[in-house]
Amino acid sequence: MPTIRILLADDHAVLRAGLKSLLSSQADMEVVAEVGDGLEALREAERLRPDVVLADIGMPGLTGLELARRLKETVPETRVLILSVHEDQSFMQRALRAGAAGYLVKRAAEEDLLAALRAVARGEAFLLPSMTKGLIEDYVRRTSRRRASDRTTEDSRDQYDGLTPREVEVLRCVAQGYSNAQMAEKLVISVKTVESHRARIVEKLGMRSRVELVRYAMAKGLLE
């Protein structure tokens, strides 16, 4: 089994010493360096190119999130596992967006930490099941909202595509405040024809008030 080369980055010396002792006792792990701030972690990671950087989320110099983002650009083969006191979903999501391969809270069991290091070293992502549940729920909520928005946009596009070029012109004039007589003069058509176009626009868009039509026209860029 290949040895996992690990760089420890945490500004708490006592915690760092405990982590080093734990990891060094594993037959498949080697602590190649330990540092107390993010900038030093970046320099050492670029120099040593470890398999995994175990980084505290809050450090002087560079935070763990900033470190993950920088290493993703400079040493993409090195994986970052964020160690944090924060159990809030937002911190975990920020870590994943920054490029971290995993997120672990500091109160997690030693077995979870070792499993996380081995998982990210294999190229996998690691999250505790309790946090994964929240991530999935958030993803479902976002997806549902996105689908609803896409349906609304699609419906709006279908309605807009259903208008004839002349009806679009009439809609623009309505939104600009023209009366039927003014529209007839501007478009060189009869008032009766204008009224017919307006009736079809209302029927196609399902909007009866002028305020609704103005908002719709603005959303479609007809007043630009």
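Starting from 1, each residue takes its place in the sequence as its number.
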S.K.: Heavy atoms only: give me the nearest Asp11-Gly58 pair and the separation to one decimal.
M.R.: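 Nearest heavy atoms, Asp11 then Gly58: OD1-O, 3.6 Å.
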
S.K.: Rounded to the nearest 0.5 Å, how far does NZ of Lys192 lie from CG of Asn180?
M.R.: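 If I round to the nearest 0.5 Å, the distance is 13.5 Å.
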
S.K.: Assess whether atom CD of Gln182 is packed by more than 12 heavy atoms of other residues, nucleotides or ligands within 6.0 Å.
M.R.: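 Atom CD in Gln182 is packed in, count exceeds 12.
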
S.K.: Does Leu48 offer a backbone N or O that forms a donor-acceptor pair with the side chain of Arg5 under 3.5 Å?
M.R.: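 Yes.
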
S.K.: If you compare all heavy atoms of Val120 against all heavy atoms of Gly102, which two are closest, and at what distance to 0.1 Å?
M.R.: CG1-N, 4.3 Å

S.K.: How close do Ala116 and Leu104 get, counting heavy atoms only, and between which atoms?
M.R.: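 Heavy atoms only, the tightest pair is CB-CD2, 4.4 Å.
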
S.K.: With a 4.5 Å heavy-atom cut-off, do Leu42 and Leu62 have their side chains touching?
M.R.: yes

S.K.: So how far is it from Arg107 CZ to Asp112 CG, rounded to the nearest 0.5 Å?
M.R.: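 Atom-to-atom, Arg107:CZ and Asp112:CG are 9.5 Å apart.
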
S.K.: Just to verify, what does Arg94 make a side chain to side chain donor-acceptor pair (under 3.5 Å) with, not counting sequence neighbours?
M.R.: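 Testing Arg94 for side chain to side chain donor-acceptor pair (under 3.5 Å), a comparison that skips the adjacent residues, returns none.
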
S.K.: From Lys186 NZ over to Cys173 SG, what is the distance, rounded to the nearest 0.5 angstrom?
M.R.: 5.5 Å

S.K.: To the closest 0.5 Å, what do you measure between CD (Glu195) and CE (Met183)?
M.R.: 9.0 Å

S.K.: Taking Thr74 for its side chain and Arg70 for its backbone only, find out whether a donor-acceptor pair lies under 3.5 Å.
M.R.: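 Between the backbone of Arg70 and the side chain of Thr74 there is a qualifying donor-acceptor contact (under 3.5 Å).
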
S.K.: Run Leu7 and Val52 through side-chain contact (heavy atoms from CB on, under 4.5 Å) and show every step you take.
M.R.: CA-CA 6 Å; Leu7 187 152; Val52 181; over 6 Å; no

S.K.: Does the side chain of Leu113 come within less than 4.5 Å of Leu54's, by heavy atoms?
M.R.: yes

S.K.: Within the supplied structure, the quantity of interest is the number of heavy atoms (other residues, nucleotides, ligands) at a distance under 6.0 Å from Lys20 NZ; does it exceed 12?
M.R.: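 It does not: Lys20 NZ has 12 such atoms or fewer within range.
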
S.K.: Not counting sequence neighbours, which residues clear side chain to side chain contact (heavy atoms under 4.5 Å, CB included) with Glu167? List them please.
M.R.: Leu163, Thr164, His197, Arg200, Ile201, Lys204

S.K.: Measure from the side-chain N and O atoms of Asp37 to the backbone N and O of Glu40, and report whether any donor-acceptor pair falls under 3.5 Å.
M.R.: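 Between the backbone of Glu40 and the side chain of Asp37 there is a qualifying donor-acceptor contact (under 3.5 Å).
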
S.K.: Could you check whether any side-chain heavy atom of Lys72 comes within less than 4.5 Å of a side-chain heavy atom of Arg79, counting everything from C-beta outward?
M.R.: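 They are not in side-chain contact.
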
S.K.: Looking only at non-hydrogen atoms, find the nearest pair between Gly64 and Ala55 and report the distance.
M.R.: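 That closest heavy-atom pairing would be CA-CB, 4.5 Å.
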
S.K.: Applying side chain to side chain donor-acceptor pair (under 3.5 Å), can you list everything that pairs with Thr193, at least two apart in sequence or on another chain?
M.R.: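 With neighbours one apart ignored, the set is Ser190.
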
S.K.: Side chains of His86 and Val105, heavy atoms from C-beta outward: is any pair under 4.5 Å?
M.R.: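 No, their side chains stay 4.5 Å or more apart.
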
S.K.: Verify side-chain contact (heavy atoms from CB on, under 4.5 Å) between Met29 and Thr3, making sure each step is shown before the conclusion.
M.R.: CA-CA 5 Å; Met29 296 183 185; Thr3 300; 5.6 Å; no

S.K.: With a 4.5 Å heavy-atom cut-off, do Tyr103 and Ile57 have their side chains touching?
M.R.: yes

S.K.: Measuring only between side-chain heavy atoms, which start at C-beta, is Leu65 closer than 4.5 Å to Arg97?
M.R.: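 Of all side-chain heavy-atom pairs linking Arg97 with Leu65, none is under 4.5 Å.
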
S.K.: When clusters are formed by joining ILVMFWY residues with side-chain heavy atoms under 4.5 Å apart, either directly or through shared neighbours, do Val191 and Leu171 land in the same one?
M.R.: no

S.K.: Do Gln26 and Leu117 have side chains that approach each other closer than 4.5 Å (heavy atoms only, starting at C-beta)?
M.R.: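 In short, these two side chains do not touch, never coming nearer than 4.5 Å.
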
S.K.: How would you list, by chain and number, every residue that makes a side chain to side chain donor-acceptor pair (under 3.5 Å) with Asp51, sequence neighbours excluded?
M.R.: none

S.K.: Write down the atom of Gly99, the atom of Ala68, and the distance for their closest heavy-atom approach.
M.R.: C-CB, 4.5 Å

S.K.: To the nearest 0.5 angstrom, please state how far the CD1 atom of Ile82 sits from the CG atom of Asp56.
M.R.: 8.0 Å

S.K.: Going hydrophobic residue to hydrophobic residue with side-chain gaps under 4.5 angstrom, can you get from Leu23 over to Leu15?
M.R.: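 Yes, because Leu23 and Leu15 connect within a single hydrophobic cluster, where side-chain heavy atoms sit under 4.5 Å apart.
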
S.K.: Are side-chain heavy atoms of Glu30 and Ile6 found at a separation under 4.5 Å?
M.R.: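 They are not in side-chain contact.
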
S.K.: Which residues satisfy the side chain to side chain contact (heavy atoms under 4.5 Å, CB included) test with Glu110, sequence neighbours excluded?
M.R.: Leu22

S.K.: At their closest point, which heavy atom of Leu71 faces which heavy atom of Ala45, and how far apart are they?
M.R.: CD2-CB, 3.6 Å

S.K.: Checking Arg16 now: which residues fulfil side chain to side chain donor-acceptor pair (under 3.5 Å) with it, not counting sequence neighbours?
M.R.: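 Scan of Arg16 (side chain to side chain donor-acceptor pair (under 3.5 Å), adjacent residues dropped) gives Glu34.
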
S.K.: Quick one: do Glu169 and Arg166 make a salt bridge, cutoff under 4.0 Å?
M.R.: yes

S.K.: In Å, rounded to the nearest 0.5 Å, how long is the span from CG of Leu127 to CG of Leu96?
M.R.: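 Taking CG in Leu127 and CG in Leu96, the distance rounds to 5.5 Å.
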
